[in-house]
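See structure below.
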2 protein chains.
Amino acid sequence: MPRAGLDTQTVLTAAAEIADTKGVEELTLATLAQKLGVRSPSLYNHVHGLPGLRNKLVIYGMNQMREAMARAAIGKSKDEAVRAIAEAYLEFVRRHPGVYEATNRYPDMNDPAVQKAAGEVVEVVIQVLQAYGLKDDTAIHIVRGFRSMLHGFASIEQQGGFGIPLDLNESFRMLVDTLLAGIHALHEVK
Amino acid sequence: MPRAGLDTQTVLTAAAEIADTKGVEELTLATLAQKLGVRSPSLYNHVHGLPGLRNKLVIYGMNQMREAMARAAIGKSKDEAVRAIAEAYLEFVRRHPGVYEATNRYPDMNDPAVQKAAGEVVEVVIQVLQAYGLKDDTAIHIVRGFRSMLHGFASIEQQGGFGIPLDLNESFRMLVDTLLAGIHALHEVK
DNA sequence: CTCTTTAAACTAATATCGTTAGTTTTATAT
DNA sequence: ATATAAAACTAACGATATTAGTTTAAAGAG
């Protein structure tokens with residue numbers, strides 16, 4: 001019996017694929033082991049059980065997200081950068097629904113590694129907002145609002161919560177425009 | 001052995017209490033049966049297994065939510081009504097985190113009963129927005145944006161996603177104000 | 001008031017899952 | 001070539017959901 005030659009990275013990408021294709025509920029040690037051609041206890045050599053797997057997937061997802069957003073914002077500033085980040089966010093969720101859901105469902109906010117990964121995502125947005133010269137507290141409120149919009153829209157869309165057949169991209173664009181208008185208004189008052 | 005005298009309503013409120021106090025992951029047929037002083041197979045007389053229980057809880061939660069929002073909007077109109085609904089939404093999530101999470105995690109959008117309950121929640125918002133005299137499509141876009149903000153903010157807050165120690169209620173108020181400003185802008189252009 | 005019937009609740013049993021303990025065996029280093 | 005570390009395994013346990021079949025309490029019919 002040859003050795004499977006598993007790697008934490010291999011395990012993780014297999015887990016991500018299961019989550020994205022079959023749904024996050026289907027991501028179990030049993031299905032993962034089967035996909036990797038191994039018995040489930042063997043996974044404990046690479047991951048601290050199911051909670052450990054989920055934790056790694058959360059961090060993996062946050063990093064992927066940060067990368068996608070940062071890439072989209074390269075060479076852009078202000079409104080253009082905000083729109084680019086928003087689009088990148090939504091596109092990521094559409095392409096990786098399972099990973100995104102895991103990110104929202106299983107994060108252990110007491111884990112410093114999770115805090116770090118989450119902070120780095122927020123950092124990308126903060127950097128983009130700096131161009132507007134907002135007061136510190138104001139910037140934080142805006143970041144919170146931006147995140148709320150993005151997460152809210154993406155997750156409602158993801159679970160089919162928008163019933164009516166009216167263009168979703170248009171709704172999303174209007175929502176981002178609303179945020180931008182709000183930023184502009186604040187900026188003028190200083 | 002005296003009979004427990006269970007009722008679908010009794011089962012449901014017990015389930016809601018477990019979800020709200022212990023978390024939605026702790027809501028199992030086993031814990032629920034124990035809380036009700038009954039063996040878990042007995043629950044099948046009142047609910048179609050765990051999926052059925054979750055489905056009923058989803059509908060229950062949506063109805064509670066609609067009621068809270070509708071109550072908050074009584075006797076108010078326009079901005080005042082929008083703010084009241086937003087506050088009622090957030091307060092509901094804070095008071096009933098488990099039921100709210102169930103509502104987002106387990107909805108079967110193919111179930112007509114779920115569609116109906118979800119539609120009735122949206123209907124409350126639509127009624128309030130009618131006072132602004134928006135074009136039909138525009139109103140739908142706004143409702144989507146409003147829902148995105150509310151759900152996004154509430155669920156990020158719920159899982160401790162807003163790390164920085166800055167007043168959350170203030171962030172929420174600013175977010176709602178942003179939406180209101182967006183509505184006003186649309187209204188002026190007609 | 002007695003008898004019948006319906007269904008609430010039970011016991012018993014099964015499949016799946018996560019997890020731990022202990023064993024085998026492959027790859028790697030010495 | 002041998003020794004070691006760890007990857008993968010088997011075996012076993014506890015918890016869960018679920019089904020089938022049984023008991024029995026409550027409600028209705030006469």
Side-chain angles (χ1 to χ4, degrees), chain A residues 1-60 98-99 101-102 105-108 110-111 114, chain B residues 1-60 98-99 101-102 105-108 111:
Chain A
M1 311 109 197
R3 191 158 288 194
L6 287 191
D7 182 347
T8 301
Q9 197 49 234
T10 313
V11 171
L12 208 48
T13 57
E17 193 180 323
I18 291 175
D20 283 334
T21 58
K22 314 279 183 181
V24 79
E25 322 78 17
E26 283 298 309
L27 175 58
T28 73
L29 292 187
T31 60
L32 180 56
Q34 188 177 17
K35 182 185 182 71
L36 293 168
V38 114
R39 305 294 185 143
S40 48
S42 306
L43 296 176
Y44 284 75
N45 289 317
H46 307 281
V47 145
H48 292 350
L50 185 61
L53 172 68
R54 287 172 172 169
N55 187 256
K56 278 202 190 323
L57 189 59
V58 165
I59 295 170
Y60 168 85
V99 170
E101 204 173 344
R105 195 177 283 214
Y106 306 125
D108 174 9
N110 294 330
D111 179 359
V114 173
Chain B
M1 311 108 194
R3 191 157 291 193
L6 287 191
D7 182 346
T8 301
Q9 197 49 234
T10 313
V11 171
L12 207 48
T13 58
E17 194 180 324
I18 292 176
D20 282 335
T21 57
K22 314 277 185 184
V24 79
E25 322 77 16
E26 284 298 310
L27 175 58
T28 72
L29 293 186
T31 60
L32 180 57
Q34 188 177 17
K35 183 184 181 73
L36 293 169
V38 114
R39 307 291 186 146
S40 46
S42 305
L43 296 175
Y44 284 77
N45 288 317
H46 307 281
V47 144
H48 293 349
L50 184 59
L53 172 68
R54 288 171 171 169
N55 188 255
K56 278 202 191 321
L57 189 59
V58 164
I59 295 169
Y60 169 85
V99 170
E101 203 173 344
R105 197 178 281 214
Y106 307 125
D108 175 7
D111 179 0

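Values below: all heavy atoms of this structure, side chains included; hydrogens, waters and symmetry mates excluded. Protein chains get the first letters and strands the later ones, always in sequence-line order, with residue 1 at the start of each. Keep in mind the model is a prediction, meaning the values are calculated, not measured.
Rounded to the nearest 0.5 angstrom, E101(A) CD and D20(A) CG are separated by 10.0 Å.
When side chains are defined from C-beta on, K56(A) counts as touching T8(A), because their heavy atoms get closer than 4.5 Å. In this structure the side chain of K35(B) reaches within 4.5 angstrom of the side chain of I18(B), judged on heavy atoms. L50(A) places a side-chain heavy atom less than 4.5 Å from the side chain of L53(A).
Considering every non-hydrogen atom in both A102(B) and V58(B), the closest pair reads O-CG2, 3.4 Å. Here the shortest heavy-atom pairing between T10(A) and L6(A) reads CG2-CD2, 4.4 Å.
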Produce the list of close N/O pairs, under 3.5 Å, pairing protein atoms with atoms of nucleotides 18-21 of chain D; give distances to one decimal.
from, atom 1, to, atom 2, distance (Å)
dT18(D), OP2, Y44(B), OH, 2.7
dT18(D), OP2, L50(B), N, 2.8
dT18(D), O5', Y44(B), OH, 2.9

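Rounding to whole angstrom units, CG of residue L43(A) and P of dT19(C) are separated by 11 Å. Between N45(B) atom CG and dT11(C) atom P the separation is 14 Å, expressed in whole Å. In this structure, CZ of R39(A) is placed 15 Å from C1' of dT16(C), rounded to the nearest angstrom. The interatomic distance linking Q34(B) (CD) with dA15(D) (P) rounds to 11 Å, in whole Å. Computed from coordinates, the E26(A) CD to dC17(C) C1' distance equals 12 Å when rounded to whole Å. Here dT16(D) presents its C1' atom at 16 Å from CD of E25(B), a figure rounded to the nearest Å. Distance, L6(B) CG to dA25(D) P: 16 Å, rounded to whole Å. Between L36(B) atom CG and dA8(C) atom P there is a gap of 14 Å when expressed in whole angstrom units.
When each of dC10(C), dA8(D), dC9(D) is scored by its nearest atom to the side-chain atoms of V38(B), the top-ranked nucleotide is dC10(C).
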Represent DNA chain C in dot-bracket notation, 5' to 3'. Only Watson-Crick or G-U wobble pairs with both distances under 3.5 Å count; pseudoknot-style crossings use [ ] and interstrand partners use |.
||||||||||||||||||||||||||||||

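Under a 3.5 Å cut-off, the side chain of S40(B) and the backbone N or O of L29(B) do not form any donor-acceptor pair. A donor-acceptor distance shorter than 3.5 angstrom exists from the side chain of T21(B) to the backbone of E17(B), with no hydrogens or angles considered.
Distances shown here put every side-chain N or O of S42(A) at or beyond 4.0 Å from the OP1 or OP2 atom of dA7(D).
Within a 6.0 Å sphere centred on CZ of R105(B), other residues, nucleotides and ligands contribute more than 12 heavy atoms.
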